[in-house]
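Just follow the structure's listing: the first ligand is 1, and inside any ligand the first atom is 1.
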Amino acid sequence: MQLLEKAPAKINLSLDVLYKRPDNYHEIEMVMTTIDLADRIGLTELPSDKIIIDSENQFVPNDERNLAYRAAKLMKDTYDVKKGINIFIEKNIPVAAGLAGGSSDAAAVIRGLNRLWRLGMSVREMAELGAKIGSDVSFCVYNTTALAKGRGELIEELPAPPSCWVVLAKPAIGVSTQTIYQNFSPDGVEHPDTQGMIRALQTEDFEAMCGKVGNVLESVTLPMYPEVRQIKRQMELAGADAVLMSGSGPTVFSLAHQESRAYRIYNSLRGFCDEVYVVRMLGYHQLLD
Ligand code: ATP
């Protein structure tokens, strides 16, 4: 028996760090949505009781360090399933890019195994289990548009953003999320208007949404990696409606209402940056994909 699951990348429309908690996690508020750039996960039952990661991407571990492996192990242990599984990962999302690729793979494995093994878990139950793997996994289980609070695991669904184009550019560097958070200082940082972003989504106001994008982690990543700032500037010059770094970076995205504008931005980045994508915003429930 084989089953396929789509694992889309996420972008942050806003990302705010409120304070550092006594448990050393940061209390955050993020508005996130999904885009049409996705890994594909194939789940195939095995005759023997083991977990195999089947991926040809050189940047992704093929063992228990893989978040997809950890998701399968957690599902097996939690529900005492004595079956083996082969996890094929077609990796299309750039790795260590701020697009939650690993978290989305883990979430897709949880959704897929829930179906394959007929466990009957609700979305909330899957998201709570996913939080044990990583803060972004809960959001990725929902696969929608949402406000994420706490350390990222408390999810409140929001309306999908107005339909538009997203141009993504990833410079040839990987950024460690942990390092960026460790170097973050709230002093003098301009905080995004999270409530304003939520209102823009509720009123389906594309211009207001563009006016409210903001990410406090730019205050760490931009000085550390000048190429990220350069890409931002290039996108702005090419006429993007909004430009922002996703997560802890280094991927920068721009929003464009018109397709022609999106391709103008894309063309302006060629020669500048090897990994550039033009995709559609998704942002609505796709649990059955
Ligand atoms: P986030 O936005 O959630 O911080 P990211 O996009 O910055 O995530 P990922 O692509 O998820 O980063 O990868 C981060 C690290 O996790 C990489 O160094 C990679 O080796 C490891 N990893 C483990 N499993 C996976 C996976 N299935 N896909 C991608 N990376 C994985």
Could you check whether [atom] has a protein contact, counting only heavy atoms that fall below 4.0 angstrom?
atom: atom 15 (C) of ligand 1; value: no
atom: atom 8 (O) of ligand 1; value: yes
atom: atom 18 (O) of ligand 1; value: no

Are side-chain heavy atoms of T44 and I85 found at a separation under 4.5 Å?
->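 No, their side chains stay 4.5 Å or more apart.
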
Within a strict 4.5 Å, meaning less than it, do heavy atoms of the L13 and P161 side chains meet?
-> yes

Taking both backbone and side-chain atoms of [X], is any N or O found less than 3.5 Å from an N or O belonging to ligand 1?
X: G102; answer: yes
X: A96; answer: yes
X: G98; answer: yes
X: A100; answer: yes
X: P61; answer: no
X: K91; answer: yes
X: V95; answer: no

Any idea which part of N66 is under 4.0 Å from ligand 1, heavy-atom wise: side chain, backbone, both or neither?
-> both

Just heavy atoms, cut-off under 4.0 Å: does V60 contact ligand 1 by side chain, backbone, both, or neither?
->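 The side chain, only.
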
Qualifying residue, where the test is side-chain contact (heavy atoms from CB on, under 4.5 Å) with L37 and the options are I11, V278, V166, V279 | V279

Is a side-chain N or O of [X] found less than 3.5 angstrom from the main chain of [Y], in a donor-acceptor match?
X: D205; Y: A208; value: yes
X: K20; Y: D23; value: no
X: E45; Y: Q2; value: no
X: N215; Y: M245; value: yes
X: D54; Y: I87; value: no

Between R261 and W165, is NZ or CZ placed under 6.0 angstrom from the six-membered ring centre and within 45° of the ring axis?
->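 No - R261 does not lie over the ring of W165 by the 6.0 Å and 45° rule.
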
Show me which atoms of ligand 1 lie under 4.0 Å from any heavy atom of [X].
X: T177; value: 4 (O), 7 (O)
X: G101; value: 6 (O), 11 (O)
X: F59; value: 20 (O)
X: L99; value: 2 (O), 6 (O)
X: K10; value: 2 (O)
X: D105; value: 26 (C), 27 (N), 28 (N)

For atom 3 (O) of ligand 1, what's the nearest protein heavy atom and its distance?
->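 Result for atom 3 (O) of ligand 1: D136 OD2, 2.7 Å.
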
Tell me, yes or no, whether the heavy-atom count around Y25 atom OH, taken from other residues, nucleotides or ligands under 6.0 Å, exceeds 12.
->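 No, not enclosed.
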
Do NZ/NE/NH1/NH2 and the carboxylate oxygens of R70 and D77 come within less than 4.0 Å?
->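 Judged by the 4.0 Å cut-off on N to carboxylate O distance, R70 and D77 do not form a salt bridge.
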
